[in-house]
> 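What follows is a structure written as structure tokens; I'll ask about it next.
Remember, predicted model here, so these are calculated numbers, not experimental data. Here is the naming used below: chain letters follow the sequence lines, and residue numbers restart at 1 for every chain.
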Amino acid sequence: MTSEFLLEMQGISKSFPGVQANKDINFNLRRGEVHALLGENGAGKTTLMKILFGLYKPDGGEIRLKGEKVEINSPEEAIRQGIGMVHQHFMLIPPFTVLENIILGAEPRKSLGRLDQAKAVKKINSLSQQLGLKVELDTKIENVTVGMQQRVEILKALYREAEVLILDEPTSVLTPQEAEDLGEIIRELAAGGKGVVFITHKLKEVMKFADRITVIRGGRVVDSVNSSETDIQTLAEMMVGRKVFLEMKKGPCRPGKVILQTKNLKVVDNRRLPAVKRVNLQVRAGEILAVAGVDGNGQSELIEALTGLRPVAGGQILLEGQEINYANPRRILEKGVGHIPEDRQKRGLVLDFSIQENLLLELYRTPQFCRAGFLRKEQSLTYAENLIEEFDIRTPGPGIKASSLSGGNQQKVIIAREIRRDPQLLIVAQPTRGLDVGAIEFVHKQLISARDLGKAILLFSLELDEILSLADRIVVIYEGEIVGNLAREEATEEKLGLMMTGGLLAEREAVNDG
Amino acid sequence: MGEDLKKDLFKDYGQKLFFPLVALFISLFAGGLLIAWLGENPYIAFRHLFQGALGSATNFGETLVYTTPLLLTGLSIALSFRCGLFNIGAEGQYIMGMMGAAWVGSIFTGLPAWLHIPLTMGAGILSGCLWGVVPGVFKAKYGAHEVILTIMMNYIALHFTGYLVNYILLAPPGYLPATRVINASAKLTRLLPPSRANTGFFVAIICLVMVYIFLWKTKWGFEIRAVGLNQEAARYAGINVTKNIVLAMALSGGLAGLAGALQVQGIQYRFNDLFAFTGYGFDGIAVSLLGNNHPAGIILSAFLFGSLNCGALQMQSVAGIPKDLIGIMQAVIVFFISADYLLRKKLEQPLGEEINVRRGSAGQEVAK
């Protein structure tokens, strides 16, 4: 007997010592459907999918595939049953080619164990044609974009004849354009009769991509709704469990004197190619200047130059009129520049340090916390405890390692550290990457209140939503150049999107050529 | 500070002691099997091993003799580890320390002991320091790999001192390839005669405490640990990574050099041509690993290795069981300690997951 559903999970429970990660969860998936699993970080979405993929054994409940009860004890079995998973962090081997990665572990064989490459290529080509997925099979993974790597992961699952495809936070690593493309692919997949489970905490995407949405909070299903019958505000409330303000309320901007200024700034990247070209910026006290742009258009190099981590190749950086071109990170920091780096785990925190040590990462050497070379224990502890309280960092205590905090709380540690140093300029990069709604709200509030206290804020973000809700002024960076400078009122998503992909530039050139 | 120090020093040590102890018992068991396989009685072997190490005041003193250099080389390697460096060069730094001390200990005459002893130690420290700074600079400035560099420095130290002792500093009349005996004013006081135990042991213990305070209570130690755990983040926070790498290598080298100096001042009184590596520097790696790269752990692991090495001598001479067996047992310990790292990694994974989930739900509770 065939069932209406491709996949049914009924009454799934799973607990870890001391925690109920999943409680009596029902989840089902139809053929040709995109079903989003929505919830904050730690709500239990990934646990549920790991159970489906055979990585965890559930304590109770049952799984049915096409109406038949199955038991899945390992990823190998899951794959054999037609379940494919694209993990948040890709499982690819960088020096191998696209083809090699797709067939890895499922290589078609000829006699004597030889690899039947022709057969593999044929199969992959027909798959990618069906979906309109373009991949270059002979390119090495290390040389393709992140978006392409994700396609390879999807193809890998399809190559193994997956009917249920689980995508774990698939857009978290993609640019807006790549996310659009992924949407297309997902729709194609569904149209072709596959079932797609889409794990995410981003509300907009859910509305755009999913047919049906199941919201999970604290390990339980809150509700399952059709995306046509709900809206973002409702979903956000279901997900967080309280009213959230998606639009930040902020007062009018009262810009003061110029704090940061760059004049014809040039910076080169690691290959010594120009990454930032003749950039002129001005950030005033009490305003948020946002730099919009697709990832890899010189933002990282610009940030590194401003913070003293990368040498300046030409032009000038002025902080309150004083040149700081050749200053090292410590001097810039001491001149009152705070920095929330784009990669919090790599640059923002020492993960194996305690929260207290991380909060003092820039202050341990000041007289307040250090006398004659010895760290002052009492002062440090009090300071850390105050910050934990003030910034609502959820931790059992200041001695806990930063690595055991959730992403949102890790970001709070960094924000607390930087804002509390009372800098006049705050350079902020991707402050909400990977955070859930509640944490995003918190971060945005903090940034706005810093602005209202008269700090100059330079915000780099890949998320247009974020830029539009925070910025007072917006500049667009494209291939290392500032291609647009707009007041917040003039900016729209479409306008910015066009500028970010070099649209205006092309127009201008066309005019010049004509 | 005293109370706090003690509390921190032994904080959750019970838990950290578990795996090393298991490793120790497994290796003792493996050693016993091996002895039985050789046709000897494991009970007798272990009795002699134990007696040889701790059976009498003299034997205990000799155990301290073997423990002292391991304390310092272990500490040297732990310090470099804490800065994210793997100083394989403790061996060479130890050798240079011996040579430096033998030279300064013998050329000055008529100095009072209170001056000559620290001067001689200082010479050992400086020589080791130099041998650590050179690879440190190349690592920090040019990104050369410190493991390769320090291995090379070991060979240079071995053969350079061989040259010095045979041609430049050879003690007349020259029958023995050794330097002159150091002056009495540079010698350390013996503690438990007839054993060779000497006050050098206390010097090592003082260093242990000082390194602990340095790493965990001062801003310089904070910087070194930050660099060791995350160079990128340290640089962001305005910490000078280059400086700290060089500093860590200098201190690491200095500690190994001091181990060499104490060996000369307390035991040998001169530098004998080595012909081959002494092994104290390399054993220091095992001591540091077994001691979890922490001063408190290093006391225990150095004492364990010292006891095994010392007891092995009696086991060989009285029970007739080759002392190389002890080398095998030490290798087994190290093997299991490394396995423990893998095991712990495995155990930690689902645990990390659990913590995240708990945070998430707790967060919502409060949010409501």
Side-chain angles (χ1 to χ4, degrees), chain A residues 16-21 39-44 46-47 50 56 217-219 240-242 307-309 328-334 339 341 343 345-353 357-358 360-362 364-365 369-370 372-375 377 392 394-395 403-406 408-409 436 438-439, chain B residues 1 3-5 7-8 11-12 81-84 210 212-244 247 293 347-368:
Chain A
F16 295 107
V19 193
Q20 186 87 42
E40 293 208 284
N41 294 330
T46 303
T47 305
K50 280 187 171 170
Y56 291 149
R217 169 155 47 91
V240 184
R242 67 181 159 93
T307 48
L309 291 155
N328 59 32
R330 183 180 296 205
R331 261 201 54 217
I332 291 177
L333 206 131
E334 278 160 7
H339 180 193
D343 188 336
Q345 304 209 335
K346 193 171 138 213
R347 289 187 155 164
L349 296 167
V350 179
L351 286 175
D352 280 330
F353 262 12
E357 285 171 311
N358 272 298
L360 287 157
L361 203 56
E362 289 152 346
Y364 68 92
R365 54 191 174 235
F369 300 105
C370 174
F374 285 91
L375 301 174
K377 206 170 168 174
D392 190 27
R394 304 251 165 85
T395 165
S403 58
S404 68
L405 294 181
S406 66
N409 280 302
D436 49 45
Chain B
M1 192 184 213
E3 254 327 286
D4 281 350
L5 198 72
K7 218 166 57 199
D8 282 2
K11 194 165 46 181
D12 54 44
F81 265 139
R82 291 286 172 184
C83 193
M210 277 171 37
Y212 172 75
I213 292 173
F214 175 78
L215 278 178
W216 278 279
K217 305 285 167 190
T218 71
K219 65 170 180 180
W220 305 288
F222 186 93
E223 290 190 358
I224 283 184
R225 288 185 299 121
V227 170
L229 290 172
N230 187 346
Q231 267 193 32
E232 281 286 320
R235 192 174 288 125
Y236 250 61
I239 294 170
N240 186 334
V241 173
T242 312
K243 189 190 90 183
N244 277 289
L247 176 67
N293 305 320
L347 286 177
E348 270 170 11
Q349 260 166 3
L351 214 72
E353 184 92 31
E354 169 221 318
I355 288 170
N356 278 337
V357 173
R358 183 184 312 168
R359 287 273 144 54
S361 43
Q364 279 140 11
E365 232 62 316
V366 181
K368 277 182 213 161

> Just so I know, are the side chains of A:L333 and B:Y236 near enough to count as touching, which here means a heavy-atom distance under 4.5 Å?
no
> For the candidates A:L349, A:N358, A:I332, A:L351, which exhibits the highest count of non-hydrogen atom pairs separated by less than 4.5 Å from chain B?
A:L349
> Please state whether the side chain, the backbone, both or neither of A:N328 comes within less than 4.5 Å of a heavy atom of chain B.
neither
> Show the nearest heavy-atom pair for residues B:G238 and A:P329, with the distance to one decimal.
CA-CB, 4.1 Å
> Find out whether A:R347 and B:R235 are in side-chain contact, i.e. whether some heavy atom of one side chain is under 4.5 Å from a heavy atom of the other.
no
> Which answer fits A:E334, side chain, backbone, both or neither, if we ask what part of it has an atom under 4.5 Å from a heavy atom of chain B?
neither
> For A:L309, is it the side chain, the backbone, both, or neither that has a heavy atom closer than 4.5 Å to a heavy atom of chain B?
side chain
> Rounded to the nearest 0.5 Å, what separation is found between the NZ atom of B:K219 and the CZ atom of A:R365?
9.0 Å
> With rounding to the nearest 0.5 Å, note down the distance linking CZ in A:F374 to CZ in B:F214.
10.0 Å
> Nearest 0.5 angstrom please: B:E223 CD to A:L361 CG, how far?
10.0 Å
